[in-house]
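Report on the structure given below.
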Amino acid sequence: MKQFKFLLPVLLPVAFLFGCNQSNEQCELPSGYKDNLSYIDIIRMENLYFENITKEKILANLESYPEFSKAMFANIGLENQEQLAKELLLIHQDSGMIELYQEVKKIYGDISDIKTELENAFAGIKYHYPDYKIPTVYTFVSGFGSDLIVTDEVIIIGLDYFLPEDHKFQPVDLPNYILKRYNRAHLVPTIVTAISSQFNKTKLTDRSLLAEMIYYGKSYHFTKTILPCTSDELIIGYETEEILGSYANEEMIWGHFIENELLFETNPFVIRKYTGEAPFTDEISPDAPGRIGRWIGWNIVDDYKEKNGLSLTELMEQDDAQLIFKNSGYKPRRL
């Protein structure tokens with residue numbers, strides 16, 4: 001395939017209007033969100049598994065927090081709680097795990113900011129979906145076994161995954177281009193994007209690249225609507241320069257999709273090149289950020305919702321990717 005040279009963003013003030021939201025100091029939540037504000041408690045399960053831990057205490061934890069235990073330990077493969085408690089005791093008495101817990105405690109001893117962000121997010125979701133039941137939120141130190149678990153009933157945050165980028169403890173199974181999104185600032189936007197899947201209708205029979213792009217576009221639009229004061233960078237996980245560069249080259253990026261007739265491609269290997277995790281989209285340019293198809297899908301969805309005057313719930317219910325694209329009137333921005 002033909003490759004293009006990515007142009008540096010030259011009209012920074014204009015591009016910045018597209019790529020970034022105003023600062024938190026200038027942004028306030030919609031009044032309707034504030035009316036739905038509910039206070040939550042975040043249960044610090046890591047303390048219960050590392051402070052003065054005993055087999056008896058673990059058994060009590062398993063019984064007292066069944067939703068957490070089911071979600072967190074379901075894959076260990078031990079049906080007998082006695083065996084499970086014995087295994088967990090060995091894990092949480094390990095010197096390396098204890099050191100990891102202590103490091104997490106230094107960084108996340110105070111999580112009041114995360115609590116406030118989640119409360120604001122849940123208020124936004126409740127505004128659009130009044131019947132939404134706020135899940136119980138837990139934190140934990142999993143030993144890099146699980147980063148996030150998001151279900152209808154629980155949210156479990158593996159805090160050890162979200163240590164600062166330069167911290168000595170890092171998950172070895174994640175490349176650097178993904179690790180840069182595993183930090184405190186990205187945590188709540190990542191959770192909200194995961195929650196969006198509960199509302200994001202899609203046709204399971206449509207396995208095209210366009211359907212994949214639209215699905216992700218709807219998920220990012222959902223997150224931006226719920227977190228209006230959060231920058232696009234934190235929602236999609238791009239650096240500011242990648243956002244600006246993408247807008248500066250949007251016409252060329254879109255031209256690549258059209259010229260190569262990619263929108264209705266169903267080969268999963270081809271689809272992965274444009275929506276899967278990667279440091280860059282080499283098929284377009286070594287300078288094009290990875291997951292660029294998701295970013296284009298976000299722009300299409302934004303245009304579709306604005307042009308057709310839809311509510312968030314109406315948008316998320318629309319499962320026809322081709323209809324969304326057709327009625328979006330999407331055209332690349334000329335900066």
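Residues: numbered from 1 along the sequence shown. Keep in mind that this is a model prediction, so the values were computed, not measured.
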Evaluate the criterion side chain to side chain contact (heavy atoms under 4.5 Å, CB included) for residue pair R294 and M213; output intermediate values, then yes/no. CA-CA 5 Å; R294 302 188 192 186; M213 292 164 61; over 6 Å; no
Ring centers of Y330, F325 separated by less than 6.0 Å: no
Counting neighbours of CG on D41 that are heavy atoms of other residues, nucleotides or ligands and sit closer than 6.0 Å, is the number greater than 12? no
E239 (side chain) donor-acceptor with E241 (main chain) under 3.5 angstrom: no
Do H221 and Y216 make the cut of ring centroids closer than 6.0 angstrom? no
Test salt bridge (Lys or Arg N to Asp or Glu O under 4.0 Å) on E251 and K331 and set out the steps. CA-CA 8 Å; E251 188 171 8; K331 292 181 180 179; over 6 Å; no
Pick from K106, E51, H92: which one makes a side-chain hydrogen bond (donor to acceptor under 3.5 Å, both in side chains) with Y101? E51
Could you check whether N299 and E250, counting side-chain N and O atoms only, form a donor-acceptor pair closer than 3.5 Å? yes
Under a 3.5 Å distance rule, please check whether N200 uses its side chain to pair with a backbone N or O of Y215 as donor and acceptor. yes
More than 12 heavy atoms of other groups within 6.0 Å of Y127 OH: no
Check whether the side chains of R291 and T275 place a donor and an acceptor atom closer than 3.5 Å, and report yes or no. no
Are the ring centres of F162 and H167 closer than 6.0 Å? no
Geometric class of the F68/Y138 ring pair [parallel <30°, tilted 30-60°, perpendicular >60°]: tilted
Whether the side chain of Q170 engages the backbone of P164 through a donor-acceptor N/O pair (distance < 3.5 Å, no angle test) should be reported. yes
Identify, with sequence neighbours excluded, every residue that meets side chain to side chain donor-acceptor pair (under 3.5 Å) alongside E314. S311
Flag yes if more than 12 heavy atoms outside Q93 fall under 6.0 Å of its CD atom; otherwise flag no. yes
So do F140 and D160 actually touch side chain to side chain, heavy atoms under 4.5 Å? no
Does the plane of the ring in H128 sit parallel, tilted or perpendicular to the ring in Y33? Use 30° and 60° as the thresholds. perpendicular
For T139 and E46: C-alpha separation, side-chain torsions, deciding distance, then whether side-chain hydrogen bond (donor to acceptor under 3.5 Å, both in side chains) applies. CA-CA 7 Å; T139 61; E46 67 273 15; 2.7 Å; yes
For the residue pair W295 and Y220, is the inter-centroid distance of their aromatic rings smaller than 6.0 Å? no
Judged by modelled atom types alone, do S38 and E119 share a side-chain donor-acceptor pair under 3.5 Å? no
Anything under 30° is parallel, anything over 60° is perpendicular, the rest tilted; go ahead and classify Y161 against F144. perpendicular
Using the salt bridge (Lys or Arg N to Asp or Glu O under 4.0 Å) rule, collect all pairs that involve residues 189-213, keeping only residues at least two apart or in two chains. K203-D320
Linking I/L/V/M/F/W/Y whenever their side-chain heavy atoms sit closer than 4.5 Å, directly or via other members, would M45 and I114 fall into one cluster? yes
Between K218 and D319, does any NZ, NE, NH1 or NH2 come within less than 4.0 Å of an OD or OE carboxylate oxygen? no
Does atom NZ of K34 have more than 12 heavy-atom neighbours from other groups under 6.0 Å away? yes
Residues in side chain to side chain donor-acceptor pair (under 3.5 Å) contact with T193, at least two apart in sequence or another chain: T223
